[in-house]
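Below is one structure, written out as structure tokens, with a few remarks after it.
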Amino acid sequence: MRIDRLDVVLRARSGWEAMELGSALARRHARAVWGSWLLASAPLFVIFNVLGGWLDAFGWAWLAMWWCKPLFERAPLYVLSRGIFGEPVGALAALRAQRSWGNAGFWGYLGWRRFSVLRSLCLPVNLLEGNAPHQRGARRRAVAAGAAGSAMVLTVVCMAFETVLVTGAIGAVFMFMPLELMSESWRAAWDMIGKDTPAWARFGFNLACWLASVLIGPFFVGAGFGLYLNRRTQMEAWDVEIALRRLRERLLPATSTLALLLCLALPLVPVPVHAQDADSGPERALGTPGNDDANEDEADESAIDPANTPAMIFGSTPVDTAGFRQAVNRAYEDPLQRPTRQVTRWKPIEQAEEKKKGDKVLQKDGDGRNERKARKGGIAWLARLAEWGLWALLGVLLLVLLLTARLWLPWLRGSGRRKAKAPPPVHKETVELPAVLPPDVATQARLLWDQGRPRQALALLYRASVRTVGERSGIALPPGATEAQCLRASRRMPETADRDLFARIVRMWQYAAYGGRLPSRSDFDALADTLRQQYRWQA
């Protein structure tokens, strides 16, 4: 499988993100996905329902359609599996491909595995991977190990959506019935369902179930395929492999250039001189310092002894040292002369630190050692001073807590809760009005205002206005009529000015009665004069 040709962005996702990816794939190839489901299920729906009507067994027709759902899921899965590689497949082509696609491990989902809640996740394992029969079970368990919970939730959610759609379709029938006949319609429907359901009702129920499955089924397949892709990405690191392949494609054009630069740079690299060369053997054996890094420190520390040179050993007489060189080389090649072995010893950390400190002290002169000791001593004093400061801060904090214990200790025990302030007393004022309204309402209202009883004055104007509304609208208002009832009655008055004026007095009365907002004296006088003139009250 060429995963570098995938048409989706692969990364490790959560279960919900993976299901959303699958739903997006189903929406991208919506024509082919839903078309293949319709073409695969419509003929069987017609055949099963015709047989159900002939045998008077519509319930078995519904059960047969539900049992064959895995058969309808093959074509949408085929469309999605080709669509992620950029190979668009039509609905008819997806159905024709079912003959040669293979049935390995599929028939179990029409048999003993029909009730599996992991079908959306495990069906791609059987149909897309082509594993041997003895490997499918282990492969399904491995794929479902990290996504079984999401697959179960997906199955339950899709079943709930189908149930809601079918219930809504049945409820929509009763929405078109008159309200006065609703009770009789429900009773007739219940009797029809319980006793003798007609064929058209059972066929309608099967049709609603089939349409719900057609609508929700492709989303179920797509979300399960998204979970499958996510598990393959998590298990096989598809996202990492795709990134490496894309990196290789970017670096391939520059390979020839890099090789040419490497060939040009090789002659410029200096050849290191090894101490094991044949020409340097005698000199090394005689004590001449070599060129390797291991002998540089020794050459710096000690001078070469002149007595070890060939001239001092053999004198002025030229001597052939070839045999001597060969003997020295053989001696050094003898494993008994230079045995090597690796010894591992565990030592306490304190000894290792002391050894390191001792080595550093030996490598540095006395002045450096004294400077380092002085620096360490200063750091130690600073650390000790900081420690003392922290202890002092802790002591101050404890002292503050002890001094303020009388404030926070009762609260900590639960007895220091603040008592809620008592609400201010509510001043109740009884509005007393005469049983019979006086003829000069406006004058009496002004007298009440002057006496310091503004609420009684507004109540008197409001009550007189309600009487006028009843007279002009022809509606007999009850004694305890609310403001809303009076406003509805005022709409029956023929003149607009009367209606607006009554709404004004109702608003002012509500502000004073319920909100405690009294009008000014000028506003009150203006309202009283307007009411007297508009409603023709006596002066």
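The figures that follow rest on heavy atoms only: side chains count, while hydrogens, waters and symmetry mates do not. All values reported here derive from a predicted model rather than from experimental measurement. In this chain, residues are counted from 1 in sequence order.
Heavy atoms of other residues, nucleotides or ligands lying less than 6.0 angstrom from CZ of Arg31 number 12 at most. No more than 12 heavy atoms of other residues, nucleotides or ligands lie within 6.0 Å of CZ in Arg492, so this atom counts as exposed by the packing criterion. For Trp16, the CH2 atom sits in a loose shell: 12 or fewer heavy atoms of surrounding residues, nucleotides or ligands are nearer than 6.0 Å.
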I would like to know whether Asn126 and Arg140 meet side-chain hydrogen bond (donor to acceptor under 3.5 Å, both in side chains); could you show each step before the answer? CA-CA 8 Å; Asn126 291 356; Arg140 284 194 299 268; 3.1 Å; yes
With side-chain hydrogen bond (donor to acceptor under 3.5 Å, both in side chains) as the criterion, how do Thr496 and Arg499 come out once you've worked through the C-alpha distance, each side chain's angles and the decisive distance to 0.1 Å? CA-CA 5 Å; Thr496 305; Arg499 297 193 294 268; 3.1 Å; yes
Under the criterion side chain to side chain contact (heavy atoms under 4.5 Å, CB included), I'd like the reasoning laid out for Phe48 against Cys68: C-alpha separation, chi angles, the key distance, then a yes or no. CA-CA 11 Å; Phe48 289 154; Cys68 291; 4.2 Å; yes
Side chain to side chain contact (heavy atoms under 4.5 Å, CB included) between Arg119 and Arg114: does it pass, once the steps are laid out? CA-CA 8 Å; Arg119 185 178 76 249; Arg114 178 59 185 85; 3.1 Å; yes
With side-chain hydrogen bond (donor to acceptor under 3.5 Å, both in side chains) as the test, would you mind laying out the steps for Arg488 and Gln485 before giving the verdict? CA-CA 5 Å; Arg488 285 196 293 269; Gln485 292 175 339; 5.7 Å; no
Please determine whether side chain to side chain contact (heavy atoms under 4.5 Å, CB included) holds for the pair Leu63 and Trp66, giving the CA-CA distance in whole Å, both sets of side-chain angles, and the decisive distance to 0.1 Å. CA-CA 5 Å; Leu63 180 62; Trp66 177 82; 4.1 Å; yes
Derivation and outcome, side chain to side chain contact (heavy atoms under 4.5 Å, CB included), residues Leu55 and Trp60: CA-CA 10 Å; Leu55 300 174; Trp60 291 102; over 6 Å; no
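Minimum heavy-atom separation, Val79 to Ala32: CG1-CB, 3.7 Å. The two residues Val166 and Ala208 have their closest heavy-atom pair at CG2-O, 3.9 Å. Minimum interatomic distance between Val89 and Ala93 (heavy atoms only, all atoms of both residues): CG1-CB, 3.9 Å. Contact detail for Ala75 and Leu95: the closest heavy-atom pair is CB-CD2, 4.0 Å. Listed here is the closest heavy atom pair of Val469 and Cys486: CG1-O, 4.2 Å. Of all heavy-atom pairs between Val214 and Ser41, the closest is CG2-OG, 4.2 Å.
Looking only at side-chain heavy atoms (C-beta outward), Ile84 and Phe225 come within less than 4.5 Å of each other. Here the side chains of Trp37 and Val221 are in contact, with some heavy-atom distance below 4.5 Å. Side-chain contact between Met65 and Asn206 is absent, with no heavy atoms from C-beta onward closer than 4.5 Å. Using a 4.5 Å heavy-atom cutoff, the side chains of Leu121 and Leu154 are not in contact. Ile216 is listed as a side-chain neighbour of Leu165, based on a closest heavy-atom distance under 4.5 Å. Looking at Leu80 and Pro76, their side chains never come closer than 4.5 Å, going by heavy atoms from C-beta outward. Residues Asp500 and Arg504 have side chains not in contact (no heavy-atom distance under 4.5 Å, counting atoms from C-beta outward).
The distance from atom CZ of Arg491 to atom CZ of Phe502, rounded to the nearest 0.5 Å, is 10.5 Å. Distance check: Leu38 CG to Leu211 CG gives 8.5 Å after rounding to the nearest 0.5 Å. Atom OG in Ser36 sits 12.5 Å away from atom CZ in Arg96 (nearest 0.5 Å). Atom CZ of Arg82 and atom CG of Leu128 lie 7.5 Å apart (nearest 0.5 Å). A distance of 12.5 Å separates CZ in Arg141 from CG in Leu118, rounded to the nearest 0.5 Å. We find the CE-OG distance between Met152 and Ser116 to be 9.5 Å, quoted to the nearest 0.5 Å.
Under the side-chain hydrogen bond (donor to acceptor under 3.5 Å, both in side chains) criterion, Ser213 pairs with no residue at all, not counting sequence neighbours. Here Glu483 pairs with nothing under the salt bridge (charged side-chain N to carboxylate O under 4.0 Å, His left out) rule; sequence neighbours left out. Annotation: side-chain hydrogen bond (donor to acceptor under 3.5 Å, both in side chains) contacts of Arg13 (sequence neighbours excluded): none.
Side-chain N/O atoms of Arg232 and Tyr228 include a donor and acceptor closer than 3.5 Å.
In this pair, Trp210 and Phe45 present their aromatic rings parallel. The plane angle is below 30°, not in the 30 to 60° band.
A cation-pi contact, defined as under 6.0 Å to the ring centre and within 45° of the axis, is absent between Arg202 and Trp62.
Between the side chain of Glu17 and the main chain of Ser14, a donor-acceptor pair closer than 3.5 Å is present. Formation of a donor-acceptor pair under 3.5 Å by the Arg231 side chain with backbone atoms of Gly226 is not found in this model.
The aromatic ring centroids of Phe219 and Trp34 lie less than 6.0 Å from each other.
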